[in-house]
Amino acid sequence: MPVLSKNQQIGKYTVVFPIKASTYAETYRVKDASGKIYFMKLFNYAKLHRTQFDENGEVLEIKISQQLYHPNLTSLHDSGEVLLNNQKMAFAIYDFISGETVAEKTAREQRCGVYDAKQIVLGVLEGVKFLHSLPTPVIHNELTIQNVMLDMSNDNLSKIIDFGYARFLNQGHKAFQKDGLNPFYMAPEAFNGIFTPQTDLFEIGVMLYHLLFGIPPYFLDLSGKQTNYDEMVDAIIEKRRQPLSIPAANADMYDLDEQLINIMAKATASNVDDRFQTADEFIKALKGEVVVDMGYRKKSNQTQAKSKAKAKSAGPNIKHGNGFADVAGMQHLKEQLQSDVIDLLKNPEQAKALGISLPNGLLFYGPPGCGKTYFAEKFAEELGCNYLYVKCSDVASPYIHGGQEKIAAIFDQARENAPTILFLDEVDAMITDRSKQDNVSMSGEVNEFLAQINNCGEAGVIVIAATNKPKNIDEAALRAGRLELKYYIPQPDEATRRALFEINLKNRAVDFGIDYDKLAQMTENYVSADIKLIVDQAARLVFRRKMDCITMDLLIEAINGTKPSLTKDIIKQHEKIRDEFEGVKWDAHVLVSIKNRI
C-alpha cells in the first residue's frame, strides 16, 4: 500500500499517482501549483541501509543528485523532508522525463539493432564520463536497462536514473551495499564489495550485449531451481571463465562486426586491467576511432557468403492490410500520393503515353512522432506491393567500402522483388550532407545511395525516405530524379487527434460516454505517439487500480501527466523548413499585410 494517496500534498507538490516501490523508497508522479509534472522519490529513513547515508546523516542519493548537471543524467529539481504517519521521510523531486526505460523498449522489441544499441550506450557513457570526472568521482553501481530512460521529447536521448546504489569513489569498500543488485550485471569485484570506475564500464558492456541479444552475457536460466544467492553467484562466476559467446541465432547478423564483439569482450573482461580504463576510451572504440582486438575473428568468407545469401533470400515482404483506411486524417496527403504515385502505377499505359515516369524517391519529413514510418507502411499496403524497411545499422560497416556493398545489396533485393517500396528510416544519418563531414567512407556511402536511387523507379523500386532533420541531408539527394517529391507530415490536427483516440481505444474495455472531441481539444501539439502513450497509460491505471474499463477521468488524468512531444518552437522550426522546400518566402511587408487583414 503506497504511503501517499492521490491529490495528497507534499510541500508544494501534489501527488498524481504512485509509480513503483522498493524496500526503502517509493516513486510517484507529482505536479506543482502550475501543473508542471515531476517524478518524486520518497525515502523512508527507517528502511534505509546505513550505507545509504553520508557522514552527516543525509540521504546519499540526494547529496549525489545535487551535483548532476548533464543532459544524459536525471536532473534534481528540489528536495526536502516531511513527517508522515509519525515517520520522518526525505523526498527528492526530479525533472519529468517523457519516455520509457530501455527495459520497456527491450521487452517490446526483444532486442535492439546495432545502431540503436550503440546510440543508447553512447549516451550512457557520456553520462558516466561526467560522473567519473567530478572533483570527487561518483560510481553509479547499477547501470542496467531498468535505470536508463529514453527521452522521447529529446530524440530518445539516454538518461541515467536512480542513484540508489551510487557512491563517491573515496567512500571505500565498506560503504558498498550490494543487496538487490542484478548479479548478471555485477562486475566480479562487486561481488566482494569493491567498486571502481571500471565497475561501471563492466555494467555498460553487459548492457550493450543485453540490448543486442535480449539477455545478459553468461546468462543462466535458474527458473524452477532452488538456488540461494551465493550458489547463483558461484555459477555465474564459473560460467564467466569461458570466452564471451554470441547466441547462435544472432551469430550471422548482417550488421554485427568483429569490432563490436571485441568491444563487448573487453568491457566485460573479468580482470579489471583488461577492461576499458575510462568511459572516453569506450566511447572512442564504439565510434570506430580506435581498434579493439580481444581475439574474436569474423567467420570465413564462405560462411559470410552463406549468411548474406540467407538474408537475401528473405527479401522484402508484401504488406497486407487496410492501407490508408487505417490512417487517421491526412486526407490532403493521401490525395497527393494517390495522384502522384498510385494512379501512375495502376495506369502505366496512360502515363507512358503522356511521357510521365514513376518518381524515383519520395521524402517524408516533419516533426518527430507524427507517423512517417507508419504512413509509409500503409502506403505500401495501399499499393499492395513489397516493402523493405532499412535503418542506419543495416548499412553501417567498420570496413572500407563495406557500407557501399551493403547498400548495393539492399537495392539489388528491392529490384529482384519489384515492385518494391524501399523505406529508408532516419535517412539524414545515411545520406549525410558531405559538406559537413570529412569521413571518406561516409562520402562513399552517400555517393552509392545517390547512384542507386538514380532511375530506380524504372526498375519498379520507389524509395521513401523519412527524416525529422531534412537540413542534414546532402543537397544532391534532394534534386530532381532522386528524392524529388517531398511531403510534409505535420502534427495531427484536432480532427486527426479525435480519430487517433478512436483508433487507439478500439478493441479495449472502454466506459460509455467518452468525449472524443474534448480529448482532441485537450491534446493540441500532441503527436500520434503521445496519444498512444496516453491511452496506454490510462489502461495501466485501470489495471493498477483493479478497475473494469478505461474511463474519461482516467484519460484526462493520463493527458495531464503526459507532456506533448512538440513545443510551439519545434513546430515553427519544422514549418519554416516546409516553407523553404515549398518555395514560400516571407518578407516584412507580407507579414504586416497579413497581420492587418487579421
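What you see below is based on every heavy atom in this structure, not just the backbone, and it leaves out hydrogens, waters and symmetry mates. Just so we're clear, the structure is a prediction, and the values are computed from it rather than from any experiment.
Looking only at side-chain heavy atoms (C-beta outward), Arg544 and Leu541 come within less than 4.5 Å of each other. A 4.5 Å side-chain heavy-atom check between Lys105 and Ile120 finds at least one atom pair inside the cut-off. Lys12 is listed as a side-chain neighbour of Asp78, based on a closest heavy-atom distance under 4.5 Å. With contacts defined as side-chain heavy-atom distances shorter than 4.5 Å, the pair His574/Tyr488 qualifies. No side-chain heavy atom of Lys406 sits under 4.5 Å from any side-chain heavy atom of Asp394. Side-chain contact between Asn72 and Leu125: absent, with no pair of heavy atoms (C-beta onward) separated by less than 4.5 Å. Thr373 places a side-chain heavy atom less than 4.5 Å from the side chain of Glu377. At least one side-chain heavy atom of Met40 sits less than 4.5 Å from a side-chain heavy atom of Leu4.
Using a cutoff of 4.0 Å between basic side-chain nitrogens and carboxylate oxygens, Glu575 and Lys572 are not scored as salt-bridged. Using a 4.0 Å cut-off between charged nitrogen and carboxylate oxygen, Lys576 and Asp579 do not count as a salt-bridge pair. Using a 4.0 Å cut-off between a side-chain N of Lys or Arg and a carboxylate O of Asp or Glu, Glu557 and Arg545 qualify as a salt bridge. With salt bridges taken as basic N to acidic carboxylate O contacts below 4.0 Å, one links Arg498 and Asp517.
Atom CG in Asp151 sits 9.0 Å away from atom OG in Ser565 (nearest 0.5 Å). Summarising the geometry, atom OG1 belonging to Thr74 is positioned 8.0 Å from atom CG belonging to Leu68; distances are rounded to the nearest 0.5 Å. The CD atom of Glu484 sits 10.5 Å away from atom CZ of Arg482, with the distance rounded to the nearest 0.5 Å. A distance of 8.0 Å separates CD1 of Ile556 from CG of Asp515, quoted to the nearest 0.5 Å. In this structure, CD1 in Ile421 is found 7.5 Å from CG in Leu362, a value given to the nearest 0.5 Å. Note that CG of Leu337 is 8.5 Å distant from CG of Leu485, once rounded to the nearest 0.5 Å.
With sequence neighbours left out, Lys469 forms a side-chain contact (heavy atoms from CB on, under 4.5 Å) with Asp155, Asp428, Thr467, Asn472. Residues passing the side-chain contact (heavy atoms from CB on, under 4.5 Å) test with Glu524, sequence neighbours excluded: Arg497. In terms of the salt bridge (charged side-chain N to carboxylate O under 4.0 Å, His left out) criterion, residue partners of Lys41 (sequence neighbours excluded) are, by chain and number, Glu61, Asp162.
Within 6.0 Å of NZ on Lys334 lie more than 12 heavy atoms contributed by other residues, nucleotides or ligands. Counting heavy atoms of neighbouring residues, nucleotides and ligands inside a 6.0 Å radius, atom NZ of Lys31 does not exceed 12 of them.
With hydrogens and angles disregarded, no donor-acceptor distance shorter than 3.5 Å links the side chain of Arg415 to the backbone of Val461. Judged purely by atom type and a 3.5 angstrom limit, Glu381 uses its side chain to pair as donor or acceptor with the backbone of Gly323. Within the 3.5 Å criterion, the main-chain N or O of Ser34 finds a donor-acceptor partner in the side chain of Asp32. Listed for the Asn347 side chain is a donor-acceptor partner under 3.5 Å among the backbone atoms of Asp343. Looking at Glu335, its side chain never comes within 3.5 Å of a backbone N or O of His332 through a donor-acceptor pair. Although no hydrogens or angles enter the test, the distance criterion places no donor-acceptor pair under 3.5 Å between the side chain of Lys372 and the main chain of Ile489. A distance-only check finds no donor-acceptor pair linking the side chain of Gln146 to the backbone of Ala103 [under 3.5 Å]. Under the 3.5 Å distance criterion, the side-chain polar atoms of Gln8 are matched with a main-chain donor or acceptor of Ser5. Between the Asp530 side chain and the Val527 main chain, a donor and an acceptor come within less than 3.5 Å of each other. One N or O on the side chain of Glu382 and one on the backbone of Phe324 form a donor-acceptor pair closer than 3.5 Å.
Ser98 and Lys563 make their closest contact through OG-O, 4.1 Å (heavy atoms, listed as atom of the first residue, atom of the second, distance). Heavy-atom minimum distance, Val341 versus Pro359: CG2-CG, 3.9 Å. Across all their heavy atoms, Ala25 and Phe43 have their closest contact at CB-CD2, 4.1 Å. The two residues Ala538 and Ala558 have their closest heavy-atom pair at N-CB, 4.1 Å. Minimum interatomic distance between Gly164 and Tyr24 (heavy atoms only, all atoms of both residues): CA-OH, 3.3 Å. The two residues Thr523 and Ile559 have their closest heavy-atom pair at CG2-CD1, 3.8 Å.
With Gln491 as the partner, the side chain to side chain contact (heavy atoms under 4.5 Å, CB included) test is satisfied by one option alone out of Cys370, Pro564, Ser528: Cys370. The one candidate from Leu363, Ile464, Asn360, Leu424 that meets the side chain to side chain contact (heavy atoms under 4.5 Å, CB included) condition with Leu483 is Leu363.
Aromatic pair Phe39/Tyr28: ring centres not closer than 6.0 Å. Separation of the Phe379 and Phe375 ring centroids does not fall under the 6.0 Å cut-off. Here Tyr365 and Tyr487 keep their ring centres 6.0 angstrom or further from each other.
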Discussion item. One pair to check against side chain to side chain contact (heavy atoms under 4.5 Å, CB included): Ile531 and Asn504. What are the steps and the verdict?
Written reply: CA-CA 8 Å; Ile531 291 174; Asn504 280 285; 4.1 Å; yes

Worksheet entry | Full working for side chain to side chain donor-acceptor pair (under 3.5 Å) between Asp569 and Thr567 | CA-CA 5 Å; Asp569 286 340; Thr567 64; 5.1 Å; no

Worksheet item: Do Asp95 and Leu76 pass the side chain to side chain contact (heavy atoms under 4.5 Å, CB included) test, and can you show the C-alpha distance, the side-chain angles, and the key distance before you say yes or no?
Response: CA-CA 6 Å; Asp95 286 345; Leu76 183 70; over 6 Å; no

Practice prompt. Test side chain to side chain donor-acceptor pair (under 3.5 Å) on Gln9 and Thr14 and set out the steps.
Written response: CA-CA 5 Å; Gln9 203 74 17; Thr14 304; 2.9 Å; yes

Discussion item. For a side chain to side chain donor-acceptor pair (under 3.5 Å) check, start with the C-alpha distance between Asn417 and Thr420, then their side-chain angles and the critical distance, and finish with the verdict.
Written reply: CA-CA 6 Å; Asn417 293 275; Thr420 302; 5.8 Å; no

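At a cut-off of 3.5 Å, with distance as the only test, no side-chain donor of Thr562 or Tyr526 sits close to an acceptor on the other residue. Looking at Asp425 and Tyr389, their side chains do bring a donor and an acceptor atom within 3.5 Å of each other. Side chains of Glu142 and Asn147: a donor-acceptor N/O pair is present below 3.5 angstrom, by distance only.
A perpendicular orientation is assigned to the rings of His77 and Tyr13, their planes being inclined by more than 60° (bins at 30° and 60°). The aromatic rings of His140 and Phe163 sit perpendicular to each other, their planes meeting at more than 60°, with 30° as the lower class boundary. Between Phe423 and Tyr387, the ring-plane angle classifies as parallel under the 30° and 60° cut-offs.
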